[in-house]
Visitor: 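Submitted below is the structure of interest, expressed as structure tokens.
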Protein chains: 2
Amino acid sequence: MSLRFALLAILRVGPLSGYDLQKQFHQSVGHVWHAPDSQIYPELRKMETDGLIEGEEQTRGERGTRRVYHVTDAGERAFLEWMESPLDYQRVRDPAHLRAAYLESATPAAAREFLERHIAHWESELEQFDGELTHIANLSNPMLTRRLAVTPDEDRERTIEFKRFAYEGLAERARVEIEWARRGLELLDRLY
Amino acid sequence: MSLRFALLAILRVGPLSGYDLQKQFHQSVGHVWHAPDSQIYPELRKMETDGLIEGEEQTRGERGTRRVYHVTDAGERAFLEWMESPLDYQRVRDPAHLRAAYLESATPAAAREFLERHIAHWESELEQFDGELTHIANLSNPMLTRRLAVTPDEDRERTIEFKRFAYEGLAERARVEIEWARRGLELLDRLY
DNA sequence: CTCATCATGTAAATTGTTACATGATTCA
DNA sequence: TGAATCATGTAACAATTTACATGATGAG
């Protein structure tokens, strides 16, 4: 259900074609809400039938077309309402901690590999988050600058600070996962 | 896909009826892999047709029945294979950080409430994890003691330590979420 | 005899994943 | 002219959520 709000968050900055949206998506909100193209295009169509966005068919070259979407008033309202509404927390479903709890059933080699992969996974996430934080600090994030361009002066600091806040939370989470898995490796050394 | 391995993890300790399993589940693995009863019962049936477990119909009182499941050799192998296999990380889908990134679009009151709820949510999770850690330390967790009863001596320490390790990771994650949201509240104070 | 808890689901809808499919345009 | 990238999906399946449904047993 959050997918549409993730999409609205991007579209609210300005009209975009499905393709451009999808690209912006993967570089920005996609960090907190992944969705493949095959989910984005149909969702845009559904949002259109629900009246949250409107699409305009544009020609491109001789025969090509693309559909450029913009947020309607109803879409804007829906987004703001979502921002005011209590967030529903979905229940935990954490394969890594599930496996960690039963690591005595794995061979030491598999246990070690699991932890090393965990570290690698979160290091790569951390790299992305830190990259985003740099872009935010430099105002070199394209979505953020586009957003700031349409933001009243008194909201600019807030816009930047909340984005930084969100990514700092993600980066810290990544660091904690890495430290945890490192402790796991030490534990392995002790136990075998 | 991890659900069946979460269920296997419990059943491997010893035979259980669907109902007992479901109860044990919510008190143990359920902390890392939530599933409602309406998913557990059908999944058990599917696991049975896949040959991972076998169920025996037992009478209960006059007319009542219950189905007691145990893990087959194939189920045991499947679990161990899963433990050896690389874990596939599903992509992030994090509504809280998604919302945090756009908090400038919420009213200050809603932003504050969002963060306070976030703290409350993770404090309650933390309480559960800390409770589990106490049970692990005291060996007063029923699933763990049942498991230890069927565990060879040389594996007992590992069994305990990995369980502790898993729950410490969860607890730390909860603490990080709480600290993050607290910083968010301070940020709100600064910005408005 | 009534209430908690034992016991087991079905049905419908939504969401998400994976794999495949197709054609246009632009730039080197 | 061939590769990159623009552009938009469909189809099939798997997983998850939500809501509903039903009856038995045991303890007080």
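Hydrogens, waters and symmetry mates are skipped; everything else that's a heavy atom, side chains included, is used. Here the structure is a predicted model, which is why all the values come from computation and not from measurement. In the text below, chain A, chain B and the rest are named by the order of the sequence lines, each starting its count at 1.
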Visitor: Below 30° counts as parallel, above 60° as perpendicular, anything between as tilted: where do the rings of B:H121 and A:Y89 land?
Guide: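 Taking A:Y89 first and then B:H121, their aromatic rings lie parallel (interplane angle under 30°).
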Visitor: Using only side-chain N and O atoms of A:R93, determine if any of them is under 4.0 Å from OP1 or OP2 of C:dG16.
Guide: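 For C:dG16, OP1/OP2 do not have a side-chain N/O of A:R93 under 4.0 Å.
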Visitor: Relative to the ring of A:W82, is the ring of A:F79 parallel (under 30°), tilted (30 to 60°) or perpendicular (over 60°)?
Guide: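 Rings of A:F79 and A:W82: tilted, 30 to 60°.
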Visitor: What nucleotide, of D:dG9, C:dT8, C:dG16, holds the atom closest to the side chain of B:R67?
Guide: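 Per side-chain heavy atoms of B:R67, the pick is C:dT8.
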Visitor: Within less than 4.0 Å of OP1 or OP2 of D:dC6, is there a side-chain N or O belonging to A:K23?
Guide: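 Checking D:dC6 against A:K23, a side-chain N or O does come within under 4.0 Å of OP1 or OP2.
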Visitor: Choose from C:dA7, D:dT16, C:dT8 the nucleotide whose nearest atom is closest to any side-chain atom of B:Q22.
Guide: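 The answer is C:dT8, which lies nearest to the side chain.
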Visitor: Below 4.0 angstrom from OP1 or OP2 of C:dT25, is there any side-chain N or O of A:R60?
Guide: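 For C:dT25, neither OP1 nor OP2 has a side-chain N or O of A:R60 closer than 4.0 Å.
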Visitor: In whole Å, I'd like the distance from the NE2 atom of A:H26 to the C1' atom of D:dT5.
Guide: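 So the two atoms are 14 Å apart, to the nearest Å.
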Visitor: With a 4.0 Å limit, can you tell me whether B:R45 has a side-chain N or O closer than that to the phosphate oxygens OP1/OP2 of C:dG9?
Guide: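 Answer is yes, contact under 4.0 Å.
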Visitor: Side-chain N or O of B:Y19 less than 4.0 angstrom from OP1 or OP2 on C:dT8?
Guide: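 No, B:Y19 has no side-chain N/O under 4.0 Å of OP1/OP2 on C:dT8.
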Visitor: Name the residue closer to the 5' end of DNA chain C, choosing between A:P36 and B:T65 according to the nucleotide with the nearest heavy atom.
Guide: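 Closest to the 5' end, via its nearest nucleotide, is B:T65.
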Visitor: Taking N and O atoms by type only, does the side chain of A:S38 place a donor or acceptor under 3.5 Å from a partner on the base of C:dT18?
Guide: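 Counting by modelled atom types and ignoring angles, a donor-acceptor contact under 3.5 Å is found here.
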Visitor: Measure from NZ or CZ of B:R175 to the centre of the six-membered ring of B:W180, then state whether that distance is under 6.0 Å and the direction lies within 45° of the axis.
Guide: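 No, cation not above the ring by the 6.0 Å, 45° rule.
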Visitor: Of all the nucleotides listed (C:dG9, C:dG16, D:dA15), which has the minimum atom distance to the side chain of B:Y69?
Guide: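 Closest nucleotide to the B:Y69 side chain: C:dG9.
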Visitor: Just how far, in rounded Å, is P of C:dA12 from CD of B:Q39?
Guide: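 Rounded to the whole Å, the gap is 18 Å.
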Visitor: Of the listed nucleotides (D:dT16, D:dG9, D:dT8), which one gets closest to any side-chain atom of A:S17?
Guide: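 Nearest listed nucleotide: D:dT8.
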Visitor: Assuming nearest nucleotide by heavy-atom distance, tell me which of B:D20 and A:L3 is located more 5' along DNA chain C.
Guide: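 Per heavy-atom nearest nucleotide, the more 5' residue is B:D20.
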Visitor: For the residue pair A:H118 and A:F114, does the interplanar ring angle fall in the parallel (under 30°), tilted (30 to 60°) or perpendicular (over 60°) class?
Guide: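 The rings of A:H118 and A:F114 sit tilted, inter-plane angle from 30° to 60°.
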Visitor: Write down the distance between CD (A:E48) and P (D:dT8), rounded to a whole number of angstrom.
Guide: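 That distance rounds to 12 Å.
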Visitor: Looking at CG of B:D130 and CD of B:E125, how far apart are the two atoms once the value is rounded to the nearest 0.5 Å?
Guide: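 The CD atom of B:E125 is 11.5 Å from CG of B:D130, to the nearest 0.5 Å.
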Visitor: Looking for any heavy atom pair under 4.0 Å, which part of the strands does B:E62 touch: base, sugar-phosphate only, or nothing?
Guide: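 Sugar-phosphate contact only - B:E62 comes under 4.0 Å of backbone atoms but never of a base.
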Visitor: B:R66 has a side chain; which of C:dT8, D:dT10, C:dG16 sits nearest to it?
Guide: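 From the listed options, C:dT8 comes nearest.
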